Amino acid sequence: MKNKEIADLLDRIGVLLEIKDDNVFKIRAYHKAAENIASVAEDIATLRQENRLSEIPGIGKAIEEKIAEYLDTGKIKAYQELIQEIPETLLDIVNIPSIGPKKAKLFWEELRIKNVDELRWAAEDGKLLGLPGIKEKTIENILSGIKVVQAGQERMNLGAATQIAEQFVAALKSLPEVKEISVAGSLRRSRETIRDIDILVDSTDPQKVMETFVCLPQVKQITVQGDTKSSVLTKENVQVDLRVVEPKSFGAALLYFTGSKNFNVKLRQVAMKKNMKVNEYGIFRVAVSGKETCVASCTEEECLNALGLGYIPPELREDIGESELFSGRKIPKLIELKDIRGDLHVHSTWSDGRNTIAQMAETAQKLGYEYLSISDHSPRLRVAGGVSPENLKKKKKEIEDLNSKLKNFRILFGTEVEIDSDGNLDYNEKILSEFDIVIAAIHSGFEQKQAQLTKRLVKACQSKYVTAIAHPTGVHLGKREPYDIDLKEICKAAVDTNTFLEINSFPVRLDLNSHNVYFAHSQGVQFVINSDAHSIDHLPFMKFGVAIARRGWLTKEDVLNTLPLKQLEKVIKNRNR
DNA sequence: GCCGTTTTCGGCCCGACTGTTTTCAGTCG
């Protein structure tokens, strides 16, 4: 699937045009197009074949042609021409914090600096001094920016970001000067990966809050410090931004700083049509005279209502389902964590889990679940110590013994069975029929061609014993790209065979992701949300999967493990017969 | 370069902070 490649390339064209000081709206069009392509769940090559590229918002004639050109030739002529004029490596320079297209252009034109190393040498040798607008402080910022980039500022997964944010929130919350506090930004929207952490505080004494914030022990470096906004780098090189507002603007500020950027743009466009204005201080009515009157600011709901919109949960403030959001259609009641009645994919010491079945079950009960499936790996997955057929008998006995002592809770005898390179399952039919629930997964042979990988998953769906496909795309955030599958084909197979697709809540997976969930849902797919816990500490990861489900517009009715045990068992039994 | 319930041309979101400037451009979110 070439979606990401093409999105990257269009983004690069955008930046190069910025360096060239081209029309800002043209530049924005390229970035917007790139963003939208990156978030399309379907293969862009398929969309092109079906002549549906223009269905993607922000794709007009010119960009459509460039996409086609890339799919046919592997190149885009316009890009090749741009990098004849401007060295491609200037793109790395623009990536350095405090450097944008203007400075990159300046350094290139005046000093022929074309990459980060040359820039560092020039900065260290004082060669940048004397260029217009460049003095000591700017050089200092450039050198520190280079260090930040080279230390690696990759996006964190949702779980890692949540952990860091919780530390900051806890520290600030204890201050008497802090009235309300909330995370904002992409973390509040529960994006799969997060770059910076945004925190919003409402306080009557901003200075005190800022002082405390920048002096917290986890802070390594202060990058920005103002009256209402400060930014720091933590020891792990994570940027944390703090905004402080007056209590009366908390809602407007929260709306504003939660974003997404595109959602905010959309809100302002809605506002403009009503002769209104949106900023972080409130929603304003603008009179013909130009006089502005604040009409809402205290809560997000108030602000959205003032714009004629109902409340929109943060997870939906994305481009996913945007047309629905602003068409006046009612937003469904999204699934919540409390709707989840059990976890159908966890591991125990029988394979690569760290805790016993009993321990896992005990924690699951504390979380308020009604059931838990111990879905250990099958033998083919050697590294995980998959359970042999002989051991399965012992494991089943252990579960039966535990169940006989449990009240209002049931442990299910499950498996996460390997799908081999031909799409066959790692246990025979007789063994598979013994399980309460079977989920099937791919853990090897990722490098196969799209057709073959897709066929494997489709074949697994067709097994009458398989209830769900675990982590369908195999992505490992920041480590491994998803394997090349035709999601549409797999959705079709899932729907035809009543097979559920998993939303795996494990923070490095989050697979399916929210875009895929939204797409699969549109194809009629049903889901299961699992933690894939390998220890009792992992069971609470379920909240991340639920967040992804919400981002994909799912309601509780779309998710198998919101059912009470009896109904769940019935669904599993009746499936595909 | 894209887009349309002000529709095929003329628009295209808004503000904080920094470092350089004597009032603002660049960067960032």
Side-chain angles (χ1 to χ4, degrees), chain A residues 10 13-15 17-19 21-36 53-54 56-67 78 93-107 128-142 144-145 184-187 194-200 206 210 222-231 239-245 249 252-253 255-284 286 292 307 323 326-328:
Chain A
L10 292 174
I13 292 178
V15 178
L17 291 173
E18 267 182 282
I19 297 173
D21 205 15
D22 209 314
N23 179 305
V24 288
F25 300 109
K26 183 168 158 184
I27 292 162
R28 197 180 294 171
Y30 274 102
H31 288 305
K32 179 93 188 163
E35 214 169 315
N36 289 335
L53 281 178
S54 56
I56 305 172
I59 308 293
K61 196 161 166 281
I63 294 183
E64 181 171 353
E65 277 169 9
K66 291 187 174 67
I67 295 171
I93 291 184
V94 175
N95 254 336
I96 299 168
S98 86
I99 300 190
K102 295 290 188 296
K103 287 204 187 83
K105 185 186 189 194
L106 176 74
F107 299 150
L128 302 183
L129 266 181
L131 290 175
I134 308 288
K135 293 214 163 149
E136 279 85 0
K137 188 66 190 164
T138 306
I139 294 174
E140 204 179 293
N141 287 342
I142 288 172
S144 127
S186 52
L187 182 55
I194 313 282
R195 195 185 300 278
D196 321 313
I197 292 169
D198 297 298
I199 299 172
L200 180 70
M210 288 300 179
I222 304 166
T223 45
V224 175
Q225 190 175 3
D227 294 338
T228 67
K229 177 188 167 178
S230 293
S231 290
Q239 184 177 326
V240 183
D241 298 338
L242 178 69
R243 305 289 299 233
V244 183
V245 297
S249 327
L255 188 62
Y256 180 82
F257 294 122
T258 297
S260 62
K261 206 168 111 192
N262 287 334
F263 178 81
N264 286 351
V265 169
K266 197 79 195 175
L267 281 189
R268 295 206 182 93
Q269 287 169 349
V270 170
M272 275 185 359
K273 284 191 186 135
K274 295 176 187 283
N275 290 321
M276 294 168 89
K277 196 178 114 171
V278 179
N279 61 26
E280 54 262 64
Y281 303 108
I283 313 291
F284 300 85
V286 184
E292 295 174 359
L307 293 171
S323 54
F326 292 97
S327 68

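As the structure is a prediction and not an experimental result, all values here were calculated from the model. Note on naming: letters A, B, ... go to the chains in the order of the sequence lines (proteins, then strands), and numbering restarts at 1 for each one.
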Check your understanding: Which part of the nucleic acid, if any, lies within contact of A:Asn279, taking any heavy atom under 4.0 Å across all strands shown: a base, the sugar-phosphate backbone alone, or nothing?
Key -> sugar-phosphate
Check your understanding: How close do A:Val15 and A:Val94 get, heavy atom to heavy atom, and via which atoms?
Key -> CG1-CG1, 3.9 Å
**Study point:** A:Tyr256 side-chain N/O to B:dA16 phosphate OP1/OP2 under 4.0 Å
**Key:** no
Exercise for review: Considering only NZ, NE, NH1 and NH2 on the basic side and carboxylate oxygens on the acidic side, decide whether A:Lys61 and A:Glu64 come within less than 4.0 Å.
Suggested key: no
Check your understanding: Checking all strands, does A:Lys277 fall into the base, sugar-phosphate, or nothing category for heavy-atom contacts under 4.0 angstrom?
Key -> sugar-phosphate
Review point. Stepwise, does the salt bridge (charged side-chain N to carboxylate O under 4.0 Å, His left out) test hold for A:Glu140 with A:Lys137?
Key: CA-CA 5 Å; A:Glu140 204 179 293; A:Lys137 188 66 190 164; 3.3 Å; yes
Check your understanding: Base, sugar-phosphate alone, or nothing: which one does A:Ile96 contact when heavy atoms must sit under 4.0 Å apart?
Key -> sugar-phosphate
Point to revise | Whole-angstrom distance between B:dC12 and B:dT5, as gauged at atom P | key: 15 Å
**Study point:** N/O (side chain, A:Ser231) to phosphate O (OP1/OP2, B:dC28) under 4.0 Å
**Key:** no
Point to revise | A:Lys229 NZ - B:dG15 P separation (whole Å) | key: 14 Å
Practice item. Considering just the side-chain nitrogens and oxygens of A:Thr138, establish if one lies under 4.0 Å of OP1 or OP2 belonging to B:dT20. Key: yes
Review point. Contact class for A:Ile99 (heavy atom, under 4.0 Å): base, sugar-phosphate, or nothing?
Key: sugar-phosphate
Exercise for review: Take the protein atom CZ of A:Phe257 and the nucleotide atom P of B:dA16, then report the distance between them rounded to whole Å.
Suggested key: 9 Å
Check your understanding: Which nucleotide sits closest to the side chain of A:Asp227: B:dG26, B:dC14, B:dC17?
Key -> B:dC17
Point to revise | Value in whole Å for how far the P atom of B:dT7 lies from NZ of A:Lys273 | key: 11 Å
Exercise for review: List the atom of A:Gly145, the atom of A:Ile96, and the distance in Å for their closest heavy-atom pair.
Suggested key: C-CG2, 3.6 Å
Review point. Does the A:Asn36 side chain pair with the main chain of A:Ile56, one donor and one acceptor, at a distance under 3.5 Å?
Key: no
Check your understanding: What interatomic distance, in whole Å, is found between P of B:dT27 and the corresponding atom of B:dT21?
Key -> 15 Å
Practice item. Looking at every strand, decide which applies to A:Val278 at a 4.0 Å heavy-atom threshold: base, sugar-phosphate, or nothing. Key: sugar-phosphate
Check your understanding: Do side-chain atoms of A:Thr223 reach the backbone of A:Ser231 as a donor and acceptor pair under 3.5 angstrom?
Key -> yes
Practice item. Measure from the side-chain heavy atoms of A:Gln239 and tell me the nearest of B:dG1, B:dG29, B:dC14. Key: B:dG29
Check your understanding: What is the distance from CG of A:Leu128 to P of B:dG19, rounded to the nearest Å?
Key -> 16 Å
Practice item. Give a yes/no answer on whether the side chain of A:Lys103 brings an N or O atom under 4.0 Å of OP1 or OP2 in B:dA25. Key: no
Exercise for review: Scan A:Pro57 against the nucleic acid and name what it touches under 4.0 Å (heavy atoms): base, sugar-phosphate only, or nothing.
Suggested key: sugar-phosphate
Exercise for review: Between B:dC2 and B:dT8, how far apart are the C1' atoms? Round to whole Å, please.
Suggested key: 12 Å
Practice item. Starting from the 5' end of DNA chain B, give me the residue, A:Thr223 or A:Asp241, whose nearest nucleotide shows up first. Key: A:Thr223
Point to revise | Whole-Å gap separating C1' (B:dG26) and NZ (A:Lys137) | key: 16 Å
Check your understanding: Between A:Ala252 and A:Asn279, which heavy-atom pair has the shortest distance, and what is it?
Key -> CB-O, 4.1 Å
Check your understanding: What nucleic acid atoms does A:Lys32 come within less than 4.0 Å of, heavy atoms only: base, sugar-phosphate, or nothing?
Key -> nothing
Practice item. Check every strand shown and say whether A:Lys66 touches a base, only sugar-phosphate, or nothing at a heavy-atom separation below 4.0 Å. Key: sugar-phosphate
Practice item. Could you check A:Asn23 against A:Val224 and say which one's nearest nucleotide on DNA chain B is further toward the 5' end? Key: A:Asn23
Point to revise | Candidates B:dT27, B:dC12, B:dG15 - which lies nearest the side chain of A:Pro101 | key: B:dT27
Exercise for review: Please tell me which of the listed nucleotides, B:dC12, B:dT18, B:dC2, lies nearest to the side chain of A:Ile63?
Suggested key: B:dC2
Practice item. In whole angstrom, give the distance that lies between atom CG of A:Leu255 and atom P of B:dG15. Key: 14 Å
**Study point:** Distance, P atom - from B:dG11 to B:dA16, rounded to whole angstrom
**Key:** 26 Å
Review point. Which listed nucleotide (B:dC28, B:dT18, B:dC2) is nearest to the side chain of A:Asn141?
Key: B:dT18
Review point. A:Phe25 CZ to B:dC12 P: how many Å, rounded?
Key: 7 Å
Practice item. With C1' as the reference atom in both, quote the distance from B:dT18 to B:dT23 in angstrom, rounded to an integer. Key: 15 Å
**Study point:** Whole-Å gap separating C1' (B:dT18) and NZ (A:Lys102)
**Key:** 17 Å
Exercise for review: Consider the side chain of A:Tyr281, meaning its heavy atoms from C-beta on, and name the nucleotide among B:dC28, B:dT27, B:dG15 that approaches it most closely.
Suggested key: B:dG15
Check your understanding: What nucleic acid atoms does A:Ile59 come within less than 4.0 Å of, heavy atoms only: base, sugar-phosphate, or nothing?
Key -> sugar-phosphate
Review point. If we take the C1' atom in both B:dT20 and B:dG26, what is their distance in whole Å?
Key: 10 Å
Review point. If pairing requires Watson-Crick or G-U wobble contacts with both distances under 3.5 Å, which nucleotide is the partner of B:dC9?
Key: B:dG4
Revision key, fill the gap. Closest non-hydrogen atoms of A:Tyr30 and A:Gly14, given as atom of the first, atom of the second and distance, are CB-CA, 4.0 Å
